[in-house]
**Student:** 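I have a structure here, written as structure tokens, and I will follow up with some questions on it.
Keep in mind it's a predicted model, so treat the numbers as computed, not measured.
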Amino acid sequence: FPFTFARKISHICMRILIKNATLVSPEHPLHGKKTDLFIEDGLIKEIGNNLSPENTEMIQQEGLHVSYGWMDCFANFCDPGEEYKETIETGANAAATGGYTDVMIVPNTAPVVQNKSQIDYLITKAIPTPVTVHPIGAATQNLEGKSLAEIYDMRDAGAAAFSDGFLPIQSAGILQKALEYTLAFDGTFIQLPDDKSIGRYGLINEGVVSTRMGMLGKPAIAEELMVARDIELVKYTKSKIHFTGISTRKSIELIKKAKKEGLPVTCSVTPYHLFFSDENLTDYNTMLKVNPPLRTPSDRDALREAVLDGTVDFIASHHNPQDYDNKVCEFEKAKNGMETLETVFSAIRNCGIPSDLFVKMQTENIRKVFNLPYYGLKENTEAVLTLFNPDEPYTYSEKDLSSQCTNNAFLGIPLTGKVFGTINKDHIFLSFIHKN
């Protein structure tokens, strides 16, 4: 069947036929086999071979795979307050370009997302986009780590989890209270572990590379001490914690031990910590200035092993757009953060992680951690789908970006694994489409 290509297509469609796609859904009897999917009014109406309903928009592409829609747990859409970097609309388009139908967004905005009305604002503003937005409510007022925010009200309004986002809670006493509050409704607290009193002015990982480059280092122990402390608080409160942005071998060992003890501890890693190491910083590339910083090759390899053995529950994008002036400058002045959503899948495919494992992590695992429904690919359920080819090679360029910012270190690097788009109920976001 012929098909036509477009830069981006995003619209409402009532009847869709996905033709001859490999099904990636372990619970389905056709898992791993080529089949057709017929979608009508946002529902999967039929899965089977040789389907031919009339008056459909057909989707067909060589190497096409289809899975349940992918989800991310930690992205910054910069809205409200810094819309010159990203908006709900552009962030959602970046997410859909990367294969995500659902995204949890951090509260690090201006104003901070810390009450019911702000949760309502984000959910409502995202309705016309191809992505379902799940706001993360601030755990403390103004993200200051001093007193708790309106956790119950935000939860009732639809907050998916609670966290101070890129500003981890430093006080053990405040975190204990936050964990006890979320325990009351079986919620999950997200912590980016970083003891700010250690290596406060560090620019990159403390080690051989930082010494050779003459830069202030941020030691791994700043992360590892907080992981150890917070695990002890979980033992005390019995509440659930999710560590994100884990970057060191020792942190992985602590989390693995906690899991073996049966503690409600989960973790995620970023695509750039899996792909790069501090050795990639020798040319002072500000696109690689992130927090936690890129660690040693040994740490990177430990993270990859932890993904493969199941210690890491899923990948977190840590999508954090920065404008031109905050990245194209001296390394010391550049802000931390990377725009990542469009390239997460391609990056991890280049790290030796099987696509089936990635799909399981970003569909079933992540929703289980945050108590969100996972339906899989079943007839008469909502069509929440990601379309991709796990083996197609390509090189991502600035013209492919949907985000407003270009601070993506994967630009220009040959990658493997291409996303074709998403279907989120009745909203279709694709790079190709053909009408039957």
**Student:** Looking only at heavy atoms, which two atoms of Ile169 and Met226 are closest? And how far apart?
**Tutor:**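 Smallest interatomic distance, heavy atoms only, reads O-CE, 3.6 Å.
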**Student:** Once you round to the nearest 0.5 Å, how far does NZ of Lys418 lie from NE2 of His65?
**Tutor:**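 Nearest 0.5 Å value for the NZ-NE2 distance: 15.5 Å.
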**Student:** Tell me whether Glu339 contacts the main-chain N or O of Ser403 through its side chain, where contact means a donor paired with an acceptor under 3.5 Å.
**Tutor:**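 No, the answer is negative, given that no donor and acceptor are paired below the 3.5 Å cut-off.
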**Student:** Roughly how far, to the nearest 0.5 Å, is CD of Glu180 from OG1 of Thr237?
**Tutor:**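 CD of Glu180 is found 6.5 Å from OG1 of Thr237.
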**Student:** Can you see which heavy atom on Lys259 is nearest to which on Thr311, and at what distance?
**Tutor:**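 Smallest interatomic distance, heavy atoms only, reads NZ-O, 2.7 Å.
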**Student:** Can any side-chain N or O of Gln170 pair as donor or acceptor with the backbone N or O of Pro168 at less than 3.5 Å?
**Tutor:**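 Here the side-chain-to-backbone pair exists.
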**Student:** Please check: side-chain N/O of Arg300 versus main-chain N/O of Ser277, any donor-acceptor pairing under 3.5 Å?
**Tutor:**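 Checking the backbone N and O of Ser277 against the side chain of Arg300, no donor-acceptor pair under 3.5 Å is found.
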**Student:** Distance only, no hydrogens: is a donor on one side chain within 3.5 Å (strictly under) of an acceptor on the other, for Glu54 and Thr56?
**Tutor:**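 No pair is found: no donor N or O on one side chain lies under 3.5 Å from an acceptor on the other.
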**Student:** Under 4.0 Å between a side-chain nitrogen and a carboxylate oxygen: does that hold for Lys257 and Glu261?
**Tutor:**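 Answer for the salt bridge query: yes.
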**Student:** Output the distance between atom CE (Met104) and atom CG (Asp72), rounded to the nearest 0.5 Å.
**Tutor:**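 Going from the CE atom of Met104 to the CG atom of Asp72 covers 9.0 Å.
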**Student:** With no hydrogens and no angle check, do the side chains of Glu86 and His319 hold a donor and an acceptor under 3.5 Å apart?
**Tutor:**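 His319 and Glu86 do have a side-chain donor-acceptor pair below 3.5 Å.
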**Student:** Keeping Gln404 on the side-chain end and Glu83 on the backbone end, is there a donor-acceptor pair under 3.5 Å?
**Tutor:**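 Yes.
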**Student:** Kindly say whether Leu148 contributes a backbone atom to a donor-acceptor pair with the side chain of Gln141 at under 3.5 angstrom?
**Tutor:**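 Here the side-chain-to-backbone pair exists.
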**Student:** Could you tell me whether Asp41 and Lys425 make a salt bridge, using a distance below 4.0 angstrom between a side-chain N and a carboxylate O?
**Tutor:**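 No, this pair does not count.
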**Student:** Strictly below 4.0 Å, N to O, side chains only: are Asp153 and Arg155 in salt-bridge contact?
**Tutor:**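 Not counted as a salt bridge, because no side-chain N and carboxylate O are separated by less than 4.0 Å.
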**Student:** Between the side chains of Thr132 and Asn424, does any donor sit under 3.5 Å from an acceptor?
**Tutor:**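 On atom types as modelled, these side chains qualify, holding a pair under 3.5 Å.
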**Student:** Within the distance-only criterion (no hydrogens, no angle test), does the side chain of Gln322 pair as donor or acceptor with the backbone N or O of Gly337 below 3.5 angstrom?
**Tutor:**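 No, because the side chain of Gln322 does not come within donor-acceptor range (under 3.5 Å) of the backbone of Gly337.
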**Student:** Considering all heavy atoms of both residues, which atom of Asp278 and which atom of Pro297 are nearest to each other, and what is their separation?
**Tutor:**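 Nearest heavy atoms, Asp278 then Pro297: OD1-CD, 3.9 Å.
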**Student:** Below 6.0 angstrom between ring centroids: does that apply to Tyr181 and Phe189?
**Tutor:**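 For Tyr181 and Phe189, the ring centres are not under 6.0 Å apart.
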**Student:** Counting distance only, does the side-chain N/O of Lys256 pair as donor-acceptor with the main-chain N or O of Ala306 below 3.5 Å?
**Tutor:**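 Not at all, since once roles are kept as given, no pair shorter than 3.5 Å links the two residues.
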**Student:** Considering non-hydrogen atoms only, spot the tightest contact between Val359 and Ser67 and give its length.
**Tutor:**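 Looking at all heavy atoms of both residues, the closest pair is CG1-CB, 3.7 Å.
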**Student:** Could you tell me the separation between the NZ atom of Lys85 and the CG atom of Asn407, rounded to the nearest 0.5 Å?
**Tutor:**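 Here the rounded value is 9.0 Å.
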**Student:** Does Asp356 come within less than 4.0 Å of Lys360, counting only side-chain N to carboxylate O?
**Tutor:**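 Not counted as a salt bridge, because no side-chain N and carboxylate O are separated by less than 4.0 Å.
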**Student:** With a 3.5 Å cut-off and no angle check, do the side chains of Thr296 and Asp299 form a donor-acceptor pair?
**Tutor:**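 Short answer, yes.
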**Student:** So does Glu232 pair up with Lys235, basic N to acidic O under 4.0 Å?
**Tutor:**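 Salt bridge between Glu232 and Lys235, a charged N being under 4.0 Å from a carboxylate O: yes.
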**Student:** Between Thr244 and Ser268, is any side-chain donor less than 3.5 angstrom from a side-chain acceptor?
**Tutor:**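 Note: Thr244 and Ser268 side chains meet the donor-acceptor criterion.
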**Student:** Whether Glu40 and Arg15 form a salt bridge (side-chain N of Lys/Arg under 4.0 Å from carboxylate O of Asp/Glu) is what I want to check.
**Tutor:**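 So Arg15 pairs with Glu40 through a salt bridge.
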**Student:** Could you tell me whether the side chain of Asn205 and the main chain of Pro293 form a donor-acceptor pair under 3.5 Å?
**Tutor:**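 Checking the backbone N and O of Pro293 against the side chain of Asn205, no donor-acceptor pair under 3.5 Å is found.
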**Student:** Using the side chain to side chain contact (heavy atoms under 4.5 Å, CB included) rule, pick out the option among Ile190, Thr188, Ile241 that qualifies with Ser163.
**Tutor:**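 Passing option: Ile190.
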**Student:** Just checking, is any N or O donor in the side chain of Glu144 or Thr140 under 3.5 Å from an acceptor N or O on the other one?
**Tutor:**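 Absent: no donor and acceptor within the cut-off.
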**Student:** Minimum heavy-atom separation for Lys240 and Leu179, please, with both atom names.
**Tutor:**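 Nearest pair, atom of Lys240 first, then Leu179: O-CD2, 3.9 Å.
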**Student:** Is the side chain of Arg349 donor-acceptor paired with the backbone N or O of Ile353 at a distance under 3.5 Å, no angle test?
**Tutor:**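 Answer holds: yes.
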**Student:** Quick one: pull up OG1 in Thr129 and NE2 in His427 and give me the separation to the nearest 0.5 Å.
**Tutor:**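 Thr129 OG1 to His427 NE2: 7.0 Å, rounded to 0.5 Å.
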**Student:** Can Tyr121 and Asp79 be counted as having a side-chain donor-acceptor contact under 3.5 angstrom?
**Tutor:**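 Yes - a donor-acceptor pair under 3.5 Å links their side chains.
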**Student:** Could you grab the distance from atom CG of Asp400 to atom OG1 of Thr97, nearest 0.5 Å is fine?
**Tutor:**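 So the gap between those two atoms works out to 9.0 Å.
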**Student:** Can you say whether the rings of Phe275 and Phe410 are parallel (under 30°), tilted (30 to 60°) or perpendicular (over 60°)?
**Tutor:**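 Plane angle over 60°, so perpendicular.
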**Student:** Does Lys45 qualify as a cation-pi partner of Phe38, given the criterion of NZ or CZ under 6.0 Å from the six-membered ring centre and within 45 degrees of its axis?
**Tutor:**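 No, Lys45 does not sit over the ring of Phe38.
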**Student:** Looking at every non-hydrogen atom in both residues, tell me the closest pair between Met154 and Ala138 and how far apart they are.
**Tutor:**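 Residues Met154 and Ala138, closest heavy atoms: CE-O, 3.2 Å.
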**Student:** Is the backbone of Thr343 close enough, under 3.5 Å, to the side chain of Ser346 for a donor and an acceptor to pair up by distance?
**Tutor:**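 Not a single qualifying donor-acceptor pair exists.
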**Student:** Between Phe74 and Phe314, does the ring centroid distance fall short of 6.0 Å?
**Tutor:**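 No - the distance between ring centres of Phe74 and Phe314 does not fall below the 6.0 Å cut-off.
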**Student:** Go through Val113 and Gln118 one step at a time and tell me if the side-chain contact (heavy atoms from CB on, under 4.5 Å) criterion holds.
**Tutor:** CA-CA 6 Å; Val113 180; Gln118 289 161 331; 4.2 Å; yes
**Student:** Please say which of Tyr396, Tyr394, Trp70, Tyr100 ends up in a ring-ring contact (aromatic ring centres under 6.0 Å, His included) with Phe345.
**Tutor:**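 Looking at Tyr396, Tyr394, Trp70, Tyr100, the match for Phe345 under the ring-ring contact (aromatic ring centres under 6.0 Å, His included) is Trp70.
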**Student:** Going by the side chain to side chain contact (heavy atoms under 4.5 Å, CB included) test, name the single residue among Asn76, Val131, Leu122 that passes it with Ile105.
**Tutor:**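 For Ile105, the side chain to side chain contact (heavy atoms under 4.5 Å, CB included) test succeeds with only one of Asn76, Val131, Leu122, which is Leu122.
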